[in-house]
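Throughout, a chain's letter reflects where its sequence line sits, starting with A, and its residues are numbered from 1. Side chains are part of it too, since the values below use all heavy atoms of this structure and drop only hydrogens, waters and symmetry mates.
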Amino acid sequence: MIEASQPGPAAPRVGPWQQSTVVRIRSETPKVKSFRLRLDEPMTYLPGQHVVVRLTAPDGYTASRSYSVASAPDGSQEIELTVERLDDGEVSGFLHDELAVRDRLEVRGPIGQWFVWQGDEPALLIGGGSGVVPLMSMLRFARSRGHSDLLQLVASVRSPAELYYATELPGPETTILYTREIPDGWPRPAGRIIAGDLTGEMLRAPQVYVCGSASFADAVTSVLEAGGVPDGRIRVERFGATG
Amino acid sequence: MSFTRGFRSRGARDTRLPPGQYDTGSEWPVLTAEATPTLSTASWTFVVDGLVEQPSRWTWEEIQALPDSTYQGDIHCVTTWSKLGVTFRGVSLDTLLSQARPLPSATHIVASSFTGYTTNLPLADVTGGRAWVAWEYEGAPLPVEHGGPARLLVPHLYFWKSAKWVSGIHVLDHDEPGFWERNGYHDHGDPWAEERYQGD
């Protein structure tokens with residue numbers, strides 16, 4: 001349930017198109033890369049917001065897609081985007097196969113004033129696959145400010161090889177659920193999220209952020225509702241096809 | 001204009017695509033900010049109220065009994081996908097408004113959903129055969145994840161204006177931002193003018 005009378009959170013508003021320079025490209029998994037960009041102009045944003053990337057061909061043709069910001073606001077002029085390479089993805093394929101350090105890239109942001117975490121309220125974060133990206137921004141923000149006790153992050157991934165931010169994400173505030181394949185000795189069997197995966201403390205969080213595919217988001221909201229979490233506490237970001 | 005090194009267009013662009021949009025093909029991405037509701041047509045109603053001569057309410061059976069109307073064409077989501085050549089069936093908003101009869105002072109509407117979602121539109125954009133309450137997609141009942149049992153359909157504007165799970169419209173003499181419009185998105189949302197965000 002969306003509270004119709006609720007004003008949007010005081011999140012930064014979208015700015016004009018601007019250029020950036022690619023300063024680092026890192027592989028997260030075989031199909032996922034993070035791109036660190038130095039913006040020509042500063043951009044104030046909050047964890048959970050996204051930006052649009054626009055590619056322009058010599059004939060003037062453009063292709064644009066939205067990508068969540070994975071980095072935490074840190075006062076610098078750099079942001080990091082994490083992008084999954086989709087089969088035949090016009091933009092994600094270009095970013096993965098062609099874009100190089102020192103290239104220029106046009107971006108616009110920040111976008112989205114709903115799926116944002118202000119950094120001061122306890123929250124449960126549940127992400128499936130690439131849905132972990134905006135939640136990672138929230139986790140990085142909390143850790144950088146010494147407030148990681150505010151957050152509990154549940155990341156659902158198919159297999160250990162597909163875990164985003166594998167060296168950085170694990171911690172006392174995170175829970176990893178493998179749906180198809182588990183690491184050796186992992187106590188939880190492979191499988192989709194069930195009620196038993198969420199503790200009472202998690203279910204009491206005043207705000208819940210769910211991000212992933214439409215089917216993942218619906219499965220998670222069903223589990224949350226069965227656990228007694230009212231719709232009004234749940235914010236959902238569904239990732240559709242963003243080739 | 002500055003070009004992106006190494007990026008080439010993929011051939012001729014479909015002229016049905018507004019600027020900055022791409023063809024999503026057979027896919028229909030689901031993008032909503034809230035949990036998907038479960039709605040029964042037995043208790044479903046659609047309300048037109050506010051600045052109208054005759055505030056009106058239709059049950060599911062009553063609205064289905066009205067003359068139906070079909071939209072064939074394209075839809076455009078602000079997240080940059082478009083879906084080309086789709087067919088929806090429902091009732092024209094003109095039919096509903098002809099019963100409710102907006103007052104001369106009426107200029108805008110706010111559409112509401114059973115989830116609490118709202119979106120604002122100029123009255124001129126939802127009259128003249130440009131807006132529907134739609135319950136059928138490609139000859140089948142509209143799936144719940146796409147707004148079933150019925151959604152607003154205003155296909156000449158970005159698709160967040162086409163409120164899923166629509167429950168009614170409220171007629172006003174001024175513009176009043178809805179959910180996404182208070183959250184940074186444009187009050188009008190014309191894809192051909194790229195009215196994506198507040199200030200565009």
Engineer: Distance check, rounded to the nearest 0.5 Å: A:R65 atom CZ versus B:W81 atom CH2?
Structural biologist: 12.5 Å

Engineer: How about B:R57: does its CZ atom have over 12 heavy atoms from other parts shown lying under 6.0 Å from it?
Structural biologist: no

Engineer: Can you tell me if CZ on A:R158 sees more than 12 non-hydrogen neighbours from other groups inside 6.0 Å?
Structural biologist: no

Engineer: Working to the nearest 0.5 Å, report the span between CG of B:D23 and CD of A:E90.
Structural biologist: 10.5 Å

Engineer: Looking only at the side chains, is there a donor atom on one of B:T36 and A:R238 sitting less than 3.5 Å from an acceptor on the other?
Structural biologist: yes

Engineer: Heavy-atom pairs under 4.5 Å with chain B: which of A:D103, A:L99, A:L224 has the most?
Structural biologist: A:D103

Engineer: To the nearest 0.5 Å, tell me how far B:S2 OG sits from A:Q19 CD.
Structural biologist: 4.0 Å

Engineer: Which atoms of A:V210 come close to chain B, meaning under 4.5 Å heavy atom to heavy atom: side chain ones, backbone ones, both, or neither?
Structural biologist: neither

Engineer: Is the backbone of A:T56 close enough, under 3.5 Å, to the side chain of B:T4 for a donor and an acceptor to pair up by distance?
Structural biologist: yes

Engineer: Give a yes or no on whether the backbone of A:E98 and the side-chain of B:R5 come within a donor-acceptor separation of less than 3.5 Å.
Structural biologist: yes

Engineer: Would you say CD of A:E41 has more than 12 non-hydrogen atoms from neighbouring residues, nucleotides or ligands within 6.0 angstrom?
Structural biologist: no

Engineer: Whether A:D59 and B:R13 form a salt bridge (side-chain N of Lys/Arg under 4.0 Å from carboxylate O of Asp/Glu) is what I want to check.
Structural biologist: no

Engineer: So, the side chain of B:S9 versus the backbone of A:A57: is there a donor-acceptor pair under 3.5 Å, distance only?
Structural biologist: no

Engineer: What part of B:W180 lies closer than 4.5 angstrom to a heavy atom of chain A: side chain, backbone, both or neither?
Structural biologist: side chain

Engineer: Should we say atom CG of A:D97 is surrounded by more than 12 heavy atoms from elsewhere, each under 6.0 Å from it?
Structural biologist: yes

Engineer: Does CD in B:E53 sit with more than 12 non-hydrogen atoms of other residues, nucleotides or ligands closer than 6.0 Å?
Structural biologist: yes

Engineer: Using 30° and 60° as the class boundaries, would you call the ring planes of B:F7 and A:Y61 parallel, tilted or perpendicular?
Structural biologist: parallel

Engineer: By a 4.5 Å heavy-atom criterion (distance strictly below it), what part of A:E225 contacts chain B: side chain, backbone, both, or neither?
Structural biologist: side chain

